[in-house]
Every structure is written in structure tokens, then in C-alpha cells.
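Remarks on the structure that follows.
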Amino acid sequence: MAKKSRQQPDASEKSDWFSLAPDQWQTQLQAVTDRYDREYHQDAVELPPEVEAMPVFQDWATGRLQARIASPFWEIAKPKKGEHWLDIGCGLSFLVYPWRDWDAFFYGQELSPVVQEAVNQRGPQLNSKLFRGVERGPAHHLRYKENQFDGVVTTGFSCYYPLDYWEVAIAEVKRVLKPQGTFIFDVLIPDSPLAENWAILETYLGSEVLLEPLEAWQQLIKSAGGKITKTTAGELFSLRRVKF
């Protein structure tokens, strides 16, 4: 099957994203973009035999891993009818999660141009009223207005960036959230039995994983003026519901 052509950001757009990012963030942002472009574009990946022998690789290669580690954010804060929610690092969210059943307006932001193009093509076909588009950009530079959203979701990628990056990203989340809005995010459980092998696999796939202590995330939220109102733990990630 023919591969789709890749959509690349123009120079001015990319410069805008990276203008607030130190060099070490730029490196990781590009690595994460490339890693997910390859996955969603279904590019072949060559890994060492010892990595391919790991059970976590077998689950990843057969598509079983995503269902095991995805965080069901709606179990601790389900979007309500008529609310406006932003999913940062959204991936295929609108295509695979029941936004239409919730009757909530969906906005996305995504680093991968492959994902952005695919969801922006398919989303309006599913529901042109609720789907409000996916913008291209990183978590520390949200392309939305102040006080725009009832809820913001970030799941599955906090572990790719250092805590000082998330200080800036969470400030952006606060900016776009309405007063009393809900922020949902997940963090890697560093002592999970799956964590070390998953981190090895992700590193070989192109994105280094940082195993930060859970206490450090709690302190980060507190320092940002947030209060964790509920937590749930999955096999690899722990969800947090936060109010500012």
C-alpha cells in the first residue's frame, strides 16, 4: 500500500513553537514528533533482537499494548453535554473515544503532522458539530484563548519531558482553562513492573522516558496552585484530576 506524503510545518510555524523552548526541550520535542510520525505512518522499525524478544515489544507490535496502558480519563472526569474540552497530545482521541456520546465539543493539539492530518480529515465526517479541529503544536505553547475550556486532558506523554518543561506547560493549561475547570493528566508509575521494560522499548522507538518519582509530580501540581482531587492507577500510568 502506498505511503501517505508527510506534512511538514512551515518554517515560521515551527520557529513560533520553539521560540520559548530551551535546546534540550527542542531535542525532545523533535524526537517525540518523529517517534509518533513513524508509528502512525506505519514505518518499519528495526530494533535489536534482545528488545524484540521482550514481551512488551510483542504486545506493542501486535497492538495489544495500547489498550493495556491507555488512561481512561473519563472515569474520573467525564466531559458533559455542551462543554468545551481540549485534548493535548490528542492522538486519535476523537476517532476512538466516545466524544459523540458525551455530546461535548472536542478540540485537539498534537505534535505529529501525520496524526493532525488524519484526525482533521476524519473528525468532521464523524460529527462536524462537536469536532472543532486539531491544531499543531506542543503542550508548552497552546494555540487557544484564555479561559476557553471546561476541561483539559493530557495523557500518555508527560514522561517524555522534564519537570521544568511541565512547569511551563501546566501554566499554559491554567491559562486556557475556565475558572473551576478540570485538568486531567497522567504520570508514569516508576515502580510499576512494566515501567522499566516499557522505558527501554520507548527509548529504542525514539523517545527517552524519564522515571520521575510520583512525589515530584505532586509537588509540581501544588507549586502550580493546583489541588489533586482524585487519582486512579492503571498498569503503567496514574491518572490525576486537578482543580486550580
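Computed over heavy atoms, backbone and side chain alike; hydrogens, waters and symmetry mates excluded. Quantities reported herein were computed from a predicted structural model and do not represent experimental measurements.
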Shortest non-hydrogen contact between [X] and [Y], atoms and distance:
X: Pro190; Y: Pro213; value: CG-CA, 4.3 Å
X: Glu167; Y: Leu220; value: CG-CD1, 3.3 Å
X: Val176; Y: Val152; value: CG2-CG2, 4.1 Å
X: Glu172; Y: His140; value: CG-O, 3.2 Å
X: Leu211; Y: Ala199; value: CD2-CB, 4.5 Å
X: Thr33; Y: Pro113; value: CG2-CD, 4.1 Å

Worksheet item: Are Arg240 and Thr231 close enough, and set up right, to give a side-chain hydrogen bond (donor to acceptor under 3.5 Å, both in side chains), and what steps lead you there?
Response: CA-CA 5 Å; Arg240 273 108 172 91; Thr231 64; 5.0 Å; no
Item to complete: In sequence, state the C-alpha distance, the side-chain angles, and the governing distance for Leu236 and Ser192, and then conclude on side-chain contact (heavy atoms from CB on, under 4.5 Å).
Response: CA-CA 6 Å; Leu236 186 63; Ser192 159; 4.1 Å; yes
Check the angle between the aromatic planes of [X] and [Y] and answer parallel, tilted or perpendicular using the 30° and 60° thresholds.
X: Phe183; Y: Phe185; value: parallel
X: Tyr144; Y: Tyr107; value: perpendicular
X: Trp166; Y: Phe157; value: tilted

If you count every heavy atom of other residues, nucleotides or ligands that lies below 6.0 Å from [X] atom [atom1], does the total exceed 12?
X: Gln218; atom1: CD; result: no
X: Gln180; atom1: CD; result: no
X: Glu196; atom1: CD; result: no

Verify the distance criterion only: is there a donor paired with an acceptor across the side chains of [X] and [Y] at less than 3.5 Å?
X: Asp186; Y: Thr155; value: no
X: Thr182; Y: Trp85; value: no
X: Tyr160; Y: Glu202; value: yes

Taking the side chain as every heavy atom from C-beta outward, state whether [X] and [Y] have any atom pair closer than 4.5 Å.
X: Asn147; Y: Arg175; value: no
X: Val45; Y: Leu205; value: yes
X: Leu130; Y: Phe106; value: no
X: Phe94; Y: Val134; value: no
X: Ile69; Y: Leu194; value: yes
X: Val187; Y: Phe237; value: no
X: Phe244; Y: Lys227; value: no
X: Ile184; Y: Leu239; value: yes

Practice prompt. Please find out if less than 6.0 Å separates the ring center of Trp102 from that of Phe73.
Written response: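 Judged by ring-centre distance (under 6.0 Å), Trp102 and Phe73 do meet the cut-off.
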Practice prompt. Could you tell me if the ring centre of Phe105 sits under 6.0 Å from that of His84?
Written response: yes
Worksheet item: Hey, mind stepping through Gln58 and Thr62 against side-chain hydrogen bond (donor to acceptor under 3.5 Å, both in side chains) and telling me if it holds?
Response: CA-CA 6 Å; Gln58 300 299 326; Thr62 57; over 6 Å; no
Worksheet item: side-chain contact (heavy atoms from CB on, under 4.5 Å) between Cys90 and Tyr97: does it pass, once the steps are laid out?
Response: CA-CA 11 Å; Cys90 60; Tyr97 296 146; over 6 Å; no
Worksheet item: Is the closest basic N to carboxylate O distance between Glu235 and Arg68 below 4.0 Å?
Response: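 Yes, charged N to carboxylate O under 4.0 Å.
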Fill in: Asp43 and Arg38 ion-paired at < 4.0 Å
no
Item to complete: Begin from the C-alpha positions of Asp103 and Asp101 and carry the test side-chain contact (heavy atoms from CB on, under 4.5 Å) through to its verdict.
Response: CA-CA 5 Å; Asp103 207 9; Asp101 295 342; over 6 Å; no
Kindly compute the distance separating [atom1] ([X]) from [atom2] ([Y]), expressed to the nearest 0.5 Å.
X: Leu65; Y: Leu201; atom1: CG; atom2: CG; answer: 7.5 Å
X: Gln109; Y: Ile88; atom1: CD; atom2: CD1; answer: 6.5 Å
X: His41; Y: Glu117; atom1: NE2; atom2: CD; answer: 8.0 Å
X: Arg100; Y: Lys129; atom1: CZ; atom2: NZ; answer: 13.5 Å
X: Arg35; Y: Gln30; atom1: CZ; atom2: CD; answer: 14.5 Å
X: Met54; Y: Tyr204; atom1: CE; atom2: OH; answer: 9.5 Å

Response to the item:
Only residue of Tyr165, Trp25, Tyr161 satisfying side-chain contact (heavy atoms from CB on, under 4.5 Å) with Pro138 is Tyr165
Worksheet item: Applying the side-chain contact (heavy atoms from CB on, under 4.5 Å) test to Leu86, which of Val153, Leu142, Val173 qualifies?
Response: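 Between Leu86 and the candidates, side-chain contact (heavy atoms from CB on, under 4.5 Å) is satisfied uniquely by Leu142.
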Fill in: Check: Glu110 side chain, Val115 main-chain N or O, donor-acceptor pair, under 3.5 Å
no
Discussion item. Test of understanding: clusters of I, L, V, M, F, W, Y form through side-chain heavy atoms closer than 4.5 Å, transitively. Do Leu210 and Tyr36 belong to the same one?
Written reply: no
Item to complete: Apply the salt bridge (charged side-chain N to carboxylate O under 4.0 Å, His left out) test between Asp150 and each candidate in Lys80, Lys178, Lys81; give the one that qualifies.
Response: Lys178
Worksheet entry | Trp217 and Ser158: CA distance, side-chain angles, deciding distance, side-chain hydrogen bond (donor to acceptor under 3.5 Å, both in side chains) verdict | CA-CA 10 Å; Trp217 289 107; Ser158 60; 5.5 Å; no
Practice prompt. Evaluate side-chain contact (heavy atoms from CB on, under 4.5 Å) for Glu212 paired with Leu188, printing each intermediate quantity in order.
Written response: CA-CA 8 Å; Glu212 301 286 0; Leu188 182 68; over 6 Å; no
